[in-house]
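Since the structure comes first, as structure tokens, the remarks are kept for the end.
These values consider heavy atoms only, across backbone and side chains, with no hydrogens, waters or symmetry-generated copies.
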Amino acid sequence: MKALRFEATPSEKGKLTLVDDALEAGQSVEVIVLLPEGKRSAQKPYPLRGSLLKYEQPFEPAVSAEDWNTAR
């Protein structure tokens, strides 16, 4: 398989156009898109990080002992 390398910037909503004499109409190709390191998507990988301001009594049970025994 012949490899061609292109560097391009998407025009609108991630749309890329490949133009090369080596490509023929109807020819099957495999496309792999690699994003440069450090330029990830604008979406945060951990959107809830830092959102908890205060957590009171973190080691207390979620339900009382009576409710726990009743549910058993």
Side-chain angles (χ1 to χ4, degrees):
M1 180 180 284
K2 183 178 178 182
L4 302 173
R5 180 183 173 127
F6 296 95
E7 287 189 23
T9 303
S11 59
E12 54 185 67
K13 290 216 172 206
K15 184 177 180 180
L16 293 174
T17 303
L18 300 178
V19 179
D20 193 287
D21 293 338
L23 299 174
E24 297 177 15
Q27 181 181 8
S28 179
V29 296
E30 178 180 0
V31 178
I32 300 173
V33 177
L34 302 173
L35 297 177
E37 290 295 323
K39 293 186 178 181
R40 305 270 176 178
S41 67
Q43 188 179 28
K44 292 182 178 180
Y46 306 103
L48 297 178
R49 180 177 282 173
S51 63
L52 182 64
L53 300 177
K54 186 175 180 181
Y55 186 53
E56 297 184 21
Q57 302 174 343
F59 299 107
E60 293 293 319
V63 295
S64 67
E66 289 179 359
D67 292 340
W68 179 261
N69 290 331
T70 302
R72 292 175 99 188

Taking side-chain contact (heavy atoms from CB on, under 4.5 Å) as the definition, give me every residue that meets it alongside Gln57, ordered by chain and number, with sequence neighbours left out.
Glu60
To the nearest 0.5 Å, what is the distance between CZ on Arg5 and CG on Leu34?
8.5 Å
Can you name the residues that form a side-chain contact (heavy atoms from CB on, under 4.5 Å) with Ser64, not counting sequence neighbours?
Glu66, Asp67
Please enumerate all residues that pass side-chain contact (heavy atoms from CB on, under 4.5 Å) together with Leu48, with sequence neighbours excluded.
Ser51
Val29: side-chain contact (heavy atoms from CB on, under 4.5 Å) partners, not counting sequence neighbours
Leu23, Val31
Could you report the tightest heavy-atom contact between Ala8 and Leu16, atom names first, then the distance?
CB-CD2, 3.8 Å
